[in-house]
**Student:** 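Structure in structure tokens, see below.
Predicted, not measured: the structure shown is a model, and the values here were computed from it. Each chain gets a letter, A, B and so on, in the order its sequence line appears, and its residues count up from 1.
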Protein chains: 2
Amino acid sequence: MGDETRAADAVVSALEHQIVSGALKDNSPLPAERMLMDQFGTSRTVIREAISMLAGRGMVESRPRFRPIVRKPDYGTVLDATGNIVSHLLNEAGGIENMYRSRMFVERGLVRQAAQLATKEDIAALQQALLDNQSAIADSDRFYNTDVAFHGVLYRVPKNPIFPALHRGYSSWLAPQWKQMKRSVDRNQRNFEAHKAIFDAILLRDPDLAESALDDHLNAAWNHVRDTFGPNLD
Amino acid sequence: MGDETRAADAVVSALEHQIVSGALKDNSPLPAERMLMDQFGTSRTVIREAISMLAGRGMVESRPRFRPIVRKPDYGTVLDATGNIVSHLLNEAGGIENMYRSRMFVERGLVRQAAQLATKEDIAALQQALLDNQSAIADSDRFYNTDVAFHGVLYRVPKNPIFPALHRGYSSWLAPQWKQMKRSVDRNQRNFEAHKAIFDAILLRDPDLAESALDDHLNAAWNHVRDTFGPNLD
DNA sequence: GAGGTAATTTTGGTCGTACCAAAATGCAAA
DNA sequence: TTTGCATTTTGGTACGACCAAAATTACCTC
């Protein structure tokens with residue numbers, strides 16, 4: 001190799017192009033290594049290194065002893081691919097708080113936008129999510145899922161795929177902490193009421209009120225996180 | 001390997017831990033492959049595959065024929081590692097608009113927050129950035145850099161490392177389009193004036209005015225993008 | 001001692017062969 | 001058609017070999 005391009009890099013680029021263009025179908029296995037060797041005219045070493053790089057990038061999902069599965073990139077897979085690094089960052093001092101505050105920042109904007117721009121369909125989806133949340137107050141596992149779903153509707157209001165992906169990211173990054181938190185019917189009830197306050201403000205088309213209701217809700221949740229985990233979060 | 005763990009995965013995990021903990025210093029080269037072979041008691045095949053995966057994850061930066069350089073993860077390296085996928089997503093129909101609108105969303109929130117919470121130091125930094133921007137009106141390359149810097153100050157107001165990293169992400173993701181856009185002294189003057197309007201609103205501690213000024217500015221910029229690239233952006 | 005050049009060593013990149021265990025496929029029997 | 005077994009394919013790993021490029025060492029001159 002006289003020039004600056006490694007054979008493995010060329011294979012990575014070519015396979016990425018095949019994935020993005022659809023020539024390699026999403027959710028399908030990659031061709032076998034020996035077939036790729038023939039296709040690219042390179043050694044198996046090069047193919048395996050290229051596959052490792054693609055796996056690191058999230059373009060394929062690899063599992064021991066199975067063929068790698070194609071993951072056509074979308075904003076969700078982008079954020080999935082960051083999960084490993086993000087989990088390290090969350091373990092640093094202040095890591096969880098920074099992430100949580102960035103989520104609050106985003107959701108403040110989302111409720112303001114919902115108050116200003118939500119369509120009838122958005123309102124209907126929020127209302128349904130609220131009903132589901134209410135019906136799950138006595139069942140904390142279900143309440144958690146419907147809680148996530150209520151917030152998820154907010155991320156769909158801008159009609160931009162980046163936001164639902166971001167919701168998915170937040171849900172997975174912050175899930176380890178959430179899973180450890182005490183839950184109770186009393187707390188579920190209060191959270192449902194906070195969701196309702198947000199919804200009512202959106203119905204009123206009042207961005208400031210919606211933002212304030214969201215702040216109250218997420219600040220209360222944050223205080224609950226701090227009560228659970230203590231000062232080592234700071 | 002009878003169980004589900006591949007040797008290369010174990011090496012990846014171990015090296016990640018060494019990178020995150022600082023045992024492998026940021027910006028330093030990884031140990032040589034033959035040394036890693038000794039350290040982990042595995043073949044060179046496994047080491048090279050592990051390094052490829054780490055490179056795909058952004059934990060090391062690899063260049064042909066040179067030792068990989070450690071990149072201790074921060075939110076910047078997370079977003080750097082997504083750059084390749086994001087560029088594909090930007091090439092899809094509507095990709096650029098979605099990204100641009102998500103940036104507008106974030107910056108709306110940032111100017112609101114600045115109007116509410118900016119410290120004296122934030123204000124001083126904004127003012128300096130504004131002066132730099134003004135002094136660069138006749139020099140479009142410098143104007144571009146000071147324009148980016150002015151927005152960058154906004155991303156530092158929340159005192160959360162996620163936002164400066166996000167600014168870095170937006171700057172790099174949207175740079176290819178920006179680089180192709182016509183520039184003129186007249187346009188630079190108008191952009192400077194828009195920055196000043198944002199700054200003045202922040203000084204007034206008026207979030208709505210700041211948001212409105214930002215919207216005017218970024219909508220005008222978006223219209224310029226559309227004029228330059230035509231309808232295939234949609 | 002400093003600087004420059006040449007020689008040597010180290011290192012990343014690639015190739016091929018080999019072996020093994022696990023997954024997939026093919027075939028025969030019920 | 002389903003099940004079980006044999007065979008083939010496939011991913012995982014190891015090893016040795018070779019080469020070109022980068023790094024280090026050795027040597028010489030001023």
Side-chain angles (χ1 to χ4, degrees), chain A residues 1-19 23-71 81 84, chain B residues 1-19 23-71 81 84:
Chain A
M1 298 300 297
D3 63 8
E4 293 280 345
T5 307
R6 289 177 294 201
D9 294 337
V11 174
V12 167
S13 293
L15 289 178
E16 275 190 358
H17 186 257
Q18 287 178 40
I19 289 170
L24 289 174
K25 298 293 180 205
D26 195 21
N27 289 314
S28 64
L30 274 191
E33 293 174 0
R34 290 162 177 100
M35 190 178 293
L36 291 169
M37 287 164 67
D38 290 339
Q39 179 182 331
F40 289 102
T42 60
S43 71
R44 198 163 156 221
T45 304
V46 167
I47 298 296
R48 290 186 60 81
E49 286 172 23
I51 289 170
S52 293
M53 165 88 61
L54 286 168
R57 287 188 182 176
M59 304 285 295
V60 297
E61 181 177 341
S62 75
R63 188 154 70 107
R65 311 222 56 85
F66 288 80
R67 304 244 304 263
I69 303 296
V70 172
R71 291 286 176 245
N84 195 60
Chain B
M1 300 301 295
D3 63 6
E4 294 280 345
T5 308
R6 290 178 294 202
D9 295 337
V11 173
V12 167
S13 294
L15 288 179
E16 277 189 357
H17 187 257
Q18 287 178 39
I19 290 170
L24 289 173
K25 298 293 179 208
D26 196 20
N27 291 314
S28 64
L30 273 192
E33 291 172 1
R34 288 159 180 104
M35 189 177 295
L36 292 170
M37 285 164 67
D38 291 341
Q39 177 182 336
F40 290 101
T42 58
S43 70
R44 199 166 155 218
T45 305
V46 167
I47 298 297
R48 290 186 61 81
E49 287 173 23
I51 289 171
S52 295
M53 166 89 59
L54 285 168
R57 287 189 182 174
M59 303 283 296
V60 298
E61 182 177 340
S62 76
R63 187 154 70 105
R65 311 221 57 84
F66 287 82
R67 303 247 301 264
I69 303 297
V70 172
R71 290 288 175 242
N84 197 60

**Student:** If only side-chain N and O atoms of Arg67(B) are considered, is one of them under 4.0 Å from the OP1 or OP2 phosphate oxygen of dG12(C)?
**Tutor:** yes
**Student:** I'd like to check the side-chain hydrogen bond (donor to acceptor under 3.5 Å, both in side chains) partners of Arg71(A); sequence neighbours left out, ordered by chain and number.
**Tutor:** Asn27(A), Glu61(A)
**Student:** Using whole Å, what does the distance between atom C1' of nucleotide dA21(D) and atom CZ of Phe66(B) come to?
**Tutor:** 8 Å
**Student:** Name all residues meeting the side chain to side chain contact (heavy atoms under 4.5 Å, CB included) criterion together with Ala81(A); count only those two or more places apart in sequence or in a different chain, and write none if there are none.
**Tutor:** none
**Student:** Could you work out, with side chain to side chain contact (heavy atoms under 4.5 Å, CB included) as the rule, every residue matching Ser13(A), not counting sequence neighbours?
**Tutor:** none
**Student:** Counting only non-hydrogen atoms, which of residues 42-52 of chain B are less than 4.0 Å from DNA chain C?
**Tutor:** Arg44(B), Arg48(B)
**Student:** Could you check how far CZ of Arg63(A) sits from C1' of dA23(C), rounded to whole Å?
**Tutor:** 11 Å
**Student:** With a cut-off of less than 4.0 Å, is there a side-chain N or O of Arg65(B) near OP1 or OP2 of dA22(D)?
**Tutor:** no
**Student:** Does Glu33(B) have any salt bridge (charged side-chain N to carboxylate O under 4.0 Å, His left out) partners at least two apart in sequence or in another chain, and if so, which?
**Tutor:** Arg44(B), Arg48(B)
**Student:** Run the side-chain hydrogen bond (donor to acceptor under 3.5 Å, both in side chains) test against Ser62(A) and tell me which residues pass, sequence neighbours left out.
**Tutor:** Arg6(B)
**Student:** Please give me the minimum heavy-atom distance between Arg67(A) and Pro29(A), naming the atom from each residue.
**Tutor:** CB-CB, 3.9 Å
**Student:** CD1 of Ile69(B) versus P of dG12(C): gap in Å, rounded?
**Tutor:** 11 Å
**Student:** Please enumerate all residues that pass side chain to side chain contact (heavy atoms under 4.5 Å, CB included) together with Gln18(A), with sequence neighbours excluded.
**Tutor:** Leu15(A), Ala23(A), Leu24(A), Gln39(A), Phe40(A)
**Student:** Residues from residues 29-39 of chain B sitting under 4.0 Å of DNA chain C, heavy atoms only?
**Tutor:** Ala32(B), Glu33(B), Arg34(B)
**Student:** Among Leu30(A), Val11(A), Val12(A), exactly one meets side-chain contact (heavy atoms from CB on, under 4.5 Å) together with Ile51(A). Which residue is that?
**Tutor:** Leu30(A)
